[in-house]
Number of protein chains: 4
Amino acid sequence: MPAKRARRPDDRPEEILDAAIDVFLENGFAAARMEEIAKRAGISKGAVYLYFNSKEALLEELVRRSAGRIATAANDFVARSAARDPADTLRQILRFAVRAMLDEKISAAPRIVIAEAPHSPRIAAFYRDEVIRRGSAALTQLIEIGAAQGVFRDVDPRIVLRCVMGPMLASVLLHHVFAAPDMPQPDPETLADEIADFILNGLVPRPEAAS
Amino acid sequence: MPAKRARRPDDRPEEILDAAIDVFLENGFAAARMEEIAKRAGISKGAVYLYFNSKEALLEELVRRSAGRIATAANDFVARSAARDPADTLRQILRFAVRAMLDEKISAAPRIVIAEAPHSPRIAAFYRDEVIRRGSAALTQLIEIGAAQGVFRDVDPRIVLRCVMGPMLASVLLHHVFAAPDMPQPDPETLADEIADFILNGLVPRPEAAS
Amino acid sequence: MPAKRARRPDDRPEEILDAAIDVFLENGFAAARMEEIAKRAGISKGAVYLYFNSKEALLEELVRRSAGRIATAANDFVARSAARDPADTLRQILRFAVRAMLDEKISAAPRIVIAEAPHSPRIAAFYRDEVIRRGSAALTQLIEIGAAQGVFRDVDPRIVLRCVMGPMLASVLLHHVFAAPDMPQPDPETLADEIADFILNGLVPRPEAAS
Amino acid sequence: MPAKRARRPDDRPEEILDAAIDVFLENGFAAARMEEIAKRAGISKGAVYLYFNSKEALLEELVRRSAGRIATAANDFVARSAARDPADTLRQILRFAVRAMLDEKISAAPRIVIAEAPHSPRIAAFYRDEVIRRGSAALTQLIEIGAAQGVFRDVDPRIVLRCVMGPMLASVLLHHVFAAPDMPQPDPETLADEIADFILNGLVPRPEAAS
DNA sequence: GATGAATGAGGTTTCATTCAT
DNA sequence: AATGAATGAAACCTCATTCAT
């Protein structure tokens, strides 16, 4: 019956979402308890509901806020420098993306999505439209530009999408989920560069056509 | 005497696991109900506990059964033909793996693991040891053989692991989770071959060293 | 200076009670939300508590204000004209009461009491003392006067109470709770007169005593 | 985690409904706690849900079981003896109904309905169709028969409905809700007879038309 | 006086697990 | 071996009430 806490700071929602990220990551969506989220945000259980209508709404807002950061960045990179140097553009995108994905906070949303999307059609659809589709568009455009310049092989962009997204995904999992002391992680910068090298190497035209 | 189609008691565990895959996939581990699993296995709720001690045990056994398949196959491929033709060995491994991963039933366990491992250390550890580590070992060995023969570049095997695992992961997600009618999937065979091409292309030495 | 239509601070309680009637009627006491009451009264949630200590207090005041209107009127009618014409007095009382009960606003309190009294002893006791007892007294007196004049049979007043209150209650429920399009309501005036006829008919002495 | 209690007796549902009646009566529907119902039924909270899907379902089944007992009886009485002796048929109906209504257990459902129907359209509709409409039909038929025989006045059946239902309603409330030690109840048999007398008196034709 | 953010007890409902039969 | 009734902990969400502003 009492009401102890001070007035609503404007960044309450932010704080709640931050707390939610942690709890979702630690327990998964279904096992995450609203009370735990509230406690970490420094407020009461009920107060969470002043800002978000349900646990599901919390998750959706979480995804909404983080989604597309990388896709947006990729589009920016392409718009800015793809015409000048497609290969370097890809390298920059990869550096940006790998670095982002290795940051606990930034990779949190994709990881949660991977976990929840299979049985949450709304989340899946939202992520597909906001992230996958836009990222795919950026990549497709980049490939086309590079191919037109003769810098890239003429590969199906869907393959490229899988070969670019994939290593980042794998890195996220190996760093955050399946890490083991005896399997040391490459450091992020090196990882980004080497993945970029690998992919670019796979993308450049072979001088003499294979057999 | 009526030959009532024998009690097939030995297939019980298998049937339960099959049912569990379906239910886990549809609802996620936390939301999966034991009663639903039992119903689909055609037995009673209590009977499940005659074969598996808990819901968690069910998941672990599931992982155990499907997990090593691909890693085992990879090791077999390497042992059998890596010395003779490393590139073709990798191509075969990729074909096998991509095909497997695009099969709903086979990719189910990895997908569930990706969803559950973040908050189920036992699952994570088991998967890491049974799948990641063994797959990594096969790949590392393959790279070493190929590098020694001059067929592959001398790349950090951890990068290769990420670049090989990754596209498959991405494919699984794009096929099973983020599929959309207007984003048609490449057909599995083509996909496997093109990913293999891409990775092999990234793995072969460049004729003239890049400046 | 703009004459903002004065702050009408004195009408506040009235406005709140009016809003409360609506909300209690629509949702029942337990499901009524203070915030909804506040909103309809055009003030904030907290402001309600400046006038009423609790939801229960709101209900009690509501009953207090409306209760006894009819009982008071009945007593007035009796005092004024029972000696002159008992039958007509009863007819007037019934007309007044039926008309009142068919008015949404006036019947609201009794309906709420009927709903809440069974599990709210204070409400029940209050209503019993303020309404039932006083109405009963008026009726008893009226019967006695009428019986002394030979205009009414000598009936147990408790029976009369039930036979007078009852049809009004039934009318309220049939009009406000169990109304159906295919069960058209008699119009209020007719209803009042016919009920009065019926009851008076039941109250007059039979010319020849029934065997 | 344990499971202590014995096998399901066939009358579990009955026991639960009995417990529910008590709790609903004491607290009203909204304030009734499932745990309390379970405790009184001698089972666990969860077990209630093996038999009823929700608290609302419990209420509906309660109403369903009790509803129409009286309406059914009324129809039976009319079918059996209305043609022979309409007045006595009405007297028998009233005796049956009053007796029933004064029984705590039997009047429970109507009282709950009166309390909940105003904000529970399904309950209201169900009760209207199962009880009001059928009771009304019985009464209408009875009046018509009686009027044809010249035993009853030709009164609007809707008035009769209100004048017959009403006194019973009033009796229920006065006996169960607004009872007070200093307002002694007429005993049920007498009450039934006197109400019947009163109503019949109101229903018989006046020998000479009132001026 | 007035506001509305905040609290937190409390209730319904679900479901993994047990065990009498 | 198999059943399925029963348990009870747990968790989401609501809302009357308070109080800092």
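What you see below is based on every heavy atom in this structure, not just the backbone, and it leaves out hydrogens, waters and symmetry mates. Within every chain, numbering begins at 1; the chains are lettered A, B, ... in the order of the sequence lines, protein sequences first and strands thereafter.
For DNA chain F, the stems formed by at least three consecutive Watson-Crick or G-U pairs, with both atom-pair distances below 3.5 Å, span E:2-21 with F:2-21.
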Which donor-acceptor pairs under 3.5 Å do the side chains of residues 23-36 of chain B make with protein atoms, sequence neighbours left out?
unit_1  : atom_1 : unit_2  : atom_2 : d
B:Glu26 : OE1    : B:Arg40 : NH2    : 2.8
B:Glu26 : OE2    : B:Arg40 : NH1    : 3.0
B:Glu36 : OE2    : B:Arg40 : NE     : 2.8
B:Glu36 : OE2    : B:Arg40 : NH2    : 3.1

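The side chain of C:Ser54 has F:dT17 as its nearest neighbour among F:dA2, F:dT17, F:dA6. In this structure, of F:dT7, E:dA6, F:dT17, it is F:dT17 that holds the atom nearest to the side chain of C:Tyr49. The side chain of A:Leu50 approaches E:dT7 more closely than any other nucleotide in the set E:dT7, E:dT3, F:dT7.
Residues meeting the salt bridge (Lys or Arg N to Asp or Glu O under 4.0 Å) test with A:Glu56, sequence neighbours left out: none. Evaluation of the ring-ring contact (aromatic ring centres under 6.0 Å, His included) rule for A:Phe178 yields B:Tyr127 as partners, not counting sequence neighbours. With sequence neighbours excluded, no residue satisfies ring-ring contact (aromatic ring centres under 6.0 Å, His included) with D:Phe126. Applying the side-chain contact (heavy atoms from CB on, under 4.5 Å) test to D:Ala109 and every residue at least two apart in sequence or in another chain returns D:Ser66. Listed by chain and residue number, B:Lys105 satisfy the salt bridge (Lys or Arg N to Asp or Glu O under 4.0 Å) test with B:Asp22 (two or more places apart in sequence, or in another chain).
E:dG4 atom C1' lies 15 Å from atom CD1 of A:Ile43, rounded to whole Å. The CG-P distance, from B:Leu59 to E:dA16, rounds to 13 Å in whole Å. Rounded to an integer number of Å, the gap from C:Phe24 CZ to F:dC15 P is 14 Å. Here the P atom of nucleotide F:dA6 and the CD atom of D:Glu15 are 10 Å apart, to the nearest Å. Between A:Lys39 atom NZ and F:dC12 atom P there is a gap of 13 Å when expressed in whole angstrom units. Across the protein-nucleic acid pair, D:Leu58 atom CG and E:dT13 atom P stand 10 Å apart, rounded to whole Å.
In D:Asn53, the CG atom is not crowded: 12 or fewer heavy atoms of neighbouring residues, nucleotides or ligands sit closer than 6.0 Å.
Nearest-nucleotide mapping onto DNA chain E: of B:Gly46 and C:Ser44, the residue sitting toward the 5' end is C:Ser44. Between C:Lys55 and B:Ala47, it is B:Ala47 whose nearest contact on DNA chain F lies nearer the 5' terminus.
Residue pairs meeting the salt bridge (Lys or Arg N to Asp or Glu O under 4.0 Å) criterion with at least one member in residues 115-128 of chain C, sequence neighbours excluded, are C:Glu60-C:Arg122.
Under 4.0 angstrom from either OP1 or OP2 of E:dG1 there lies no side-chain N or O belonging to C:Arg12. An OP1 or OP2 oxygen of F:dA1 is reached within less than 4.0 angstrom by no side-chain nitrogen or oxygen of B:Tyr51.
For A:Lys45 against E:dG10, a side-chain N or O and a base N or O form a donor-acceptor pair under 3.5 Å.
Within residues 27-38 of chain D, no residue has a heavy atom under 4.0 Å from DNA chain F.
Between C:Ile16 and C:Ile43, some side-chain heavy-atom pair lies under the 4.5 Å cut-off.
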